[in-house]
Amino acid sequence: HVYDKEQELEKYSKTLSDKEIEIEEKKQTVQKNIDEKYEIIANINIEKTNVENLNKKEVSLKNELSDTISELDKYVENGLAALNLRIEPKELYEPIEYMISIGGKRLRPELCLLTYNLFSDKIEKPVLYPALALEIFHGFTLIHDDIMDQAELRRGQQTVYRKWNDNIAILSGDVMSIMAYQLLANCPGEVLPQVLALFSKTAAQVCEGQQYDMNFEDIPYITMEDYI
């Protein structure tokens, strides 16, 4: 009888020991899961901090870029305002002054200066004048484009040919194209031939594009390939 009790006790002890081992294993598993969750939370917090830092950096860069663009915008506007257009014959130069005065985004000269600004913080005449040339040439193309399209308004204002007449608009546009080359001539001498070559090629392509645009007016269907 005593032997049976001992056997039963030993069996109970073994069962208890097995349960303790099982409980310990479960505790370790639970602790491991908790540790993994804490690690995940820690990683999430790290990523959150990284994102916040990136957002702050993005805001800082955007503000810096905005300040830079505002500064470059002043260079462009001051440069355009400094052009001597109060000369005779006034019928030729007033339309040019008018075209410049009605505004615009000034994307071309500002992109030019912004690109240069990647290499230098100093904006000087040999860089500013060629940037202005882009805006002046753009104005020339708009004056002639408005004549071709018979447009009434440009930037919410009367177009040059409507405010004056076709002939004056054509001549004023021609002078603007010449002015663009005069401004380009202020480029540093060592790069002037390349600048003139590229500018002239681009100017011709603008005219070619306008001609294609007029050709397409009589074609009912234009493919993307044709348009590009």
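Among the candidates Gln31, Glu24, Lys32, the single residue satisfying the side chain to side chain contact (heavy atoms under 4.5 Å, CB included) test with Gln28 is Glu24.
Inter-residue side-chain proximity for Pro95 and Val160 is flagged as met; some heavy-atom pair is nearer than 4.5 Å. Using a 4.5 Å heavy-atom cutoff, the side chains of Asn43 and Glu39 are in contact. Residues Tyr181 and Ile178 are not in side-chain contact: their nearest non-hydrogen atoms beyond the backbone lie 4.5 Å or more apart.
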Working for salt bridge (Lys or Arg N to Asp or Glu O under 4.0 Å), residues Glu110 and Lys105: CA-CA 9 Å; Glu110 287 181 15; Lys105 296 180 283 294; over 6 Å; no
Criterion salt bridge (Lys or Arg N to Asp or Glu O under 4.0 Å) on Glu58 and Lys62, from CA distance to verdict: CA-CA 6 Å; Glu58 181 184 8; Lys62 281 182 177 178; 3.3 Å; yes
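Comment: Lys122 engages Glu124 in a salt bridge, judged by a side-chain N to carboxylate O separation of less than 4.0 angstrom.
Between the side chain of Asn186 and the backbone N or O of Leu183 there is at least one donor-acceptor pair closer than 3.5 Å. In this structure, Asp145 contributes its side chain and Thr141 its backbone to no donor-acceptor pair below 3.5 Å.
The ring pair (Phe, Tyr, Trp, His ring centres under 6.0 Å) pairs that include a residue from residues 119-138 are Phe137-Phe140, Phe137-Phe199, where partners are two or more places apart or lie in different chains.
No more than 12 heavy-atom neighbours from other residues, nucleotides or ligands sit within 6.0 angstrom of CD on Glu64. Atom CZ of Phe216 has more than 12 heavy atoms from other residues, nucleotides or ligands within 6.0 Å.
No side-chain donor from either of Ser172 and Tyr98 sits under 3.5 Å from a side-chain acceptor of the other.
Here the CD1-CZ distance, from Ile143 to Arg154, works out to 9.5 Å after rounding to the nearest 0.5 Å.
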